[in-house]
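Data first, discussion second: the structure below is written as structure tokens.
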Amino acid sequence: MKEIGRLIDLPKIADTRGNLTVVEQMKHVPFDIARVYWTYDIPGGGRRGGHAHRTCEEVIIAVSGSFDVELFDGHERKTFHLNHPYQGLYVGTNTWRTLEDFSSGAVCLVLASELFDEDEYIYDYDEFLQLTQHV
């Protein structure tokens, strides 16, 4: 059975002037990074995600604040609380993700293996369930 998601510890370089974390493709994340995006100013009670990807892998990082990521692969459901900027959550293909419970000022950074392609997204939950029941 495939792994539903896993936390990745990223390098944390401590310094009295402030800490630094670096991410390198194929070293800290298991794919070449094709796209980087971030969400912020999420209203209280707001949710993000609500989809799966056919071919895109992602690493999700709470660079500021905290939020929860619920993952579902059609068989197993697991929730991760992200609140460390030196830790990322790897999310593989065909995994439904929902992000919620954002703290005030939270910033969610996503490293993606693919360029944006609307057709690569699965937005319909019933379609997702049909696809994952055959895996």
L111 with V63, same ILVMFWY side-chain cluster at under 4.5 Å: yes
Spacing of CZ belonging to R47 relative to CD1 belonging to I42, to within rounding of 0.5 Å: 13.0 Å
Ring geometry between Y125 and W96 (parallel below 30°, tilted from 30 to 60°, perpendicular above 60°): perpendicular
Between CD on residue E76 and OG1 on residue T95, distance to nearest 0.5 Å: 10.0 Å
Side-chain heavy-atom pair L20, D15 within 4.5 angstrom cut-off: no
Heavy-atom donor-acceptor pair, S66 side chain to N83 backbone, under 3.5 Å: no
Heavy-atom side-chain contact between R54 and L131 under 4.5 Å: yes
E118 CD to Y123 OH distance, which is reported to the nearest 0.5 Å: 4.0 Å
Crowding at OH, Y40 (>12 non-hydrogen neighbours, <6.0 Å): no
Shortest non-hydrogen contact from G74 toward Q133: O-NE2, 3.3 Å
4.5 Å side-chain heavy-atom contact, E100 and R48: no
Under 3.5 Å donor-acceptor, T79 side chain and V69 backbone: no
Which atom of R97 lies closest to which atom of A52, heavy atoms considered: NE-CA, 4.1 Å
Atom pair CG/OG1 of N94 and T55 - distance to nearest 0.5 Å: 9.0 Å
Flag side-chain contact, heavy atom, 4.5 Å: T98 against F72: no
Sidechain-backbone polar pair: R35 side chain, V110 backbone, donor-acceptor under 3.5 Å: no
Close side-chain approach of D32 and M26, heavy atoms under 4.5 Å: yes
W38 versus L109, closest heavy-atom pair with distance: CE3-CD1, 3.9 Å
Heavy-atom pair with the smallest gap, counting every atom of L10 and T21: CB-CG2, 3.7 Å
Heavy-atom closest contact (F102 atom, C108 atom, distance): CE2-CB, 4.4 Å
Over all atoms of both residues, closest heavy-atom pair of L82 and A62: O-CB, 3.7 Å
Main-chain N/O of P30 paired with E57 side-chain donor or acceptor, under 3.5 Å: no
Heavy-atom check, side chain of H81 versus side chain of D68, under 4.5 Å: yes
Pairwise distance CD1(I8) to CG(L89) - rounded to 0.5 angstrom: 8.0 Å
Min side-chain heavy-atom separation T39-L99 under 4.5 Å: no
Nearest-0.5 Å distance that lies between atom CD in E58 and atom NE2 in H53: 3.5 Å
Test item: Y86 and N19 side chains (from C-beta on) under 4.5 Å apart, heavy atoms: no
F80 ring center within less than 6.0 Å of Y90 ring center: no
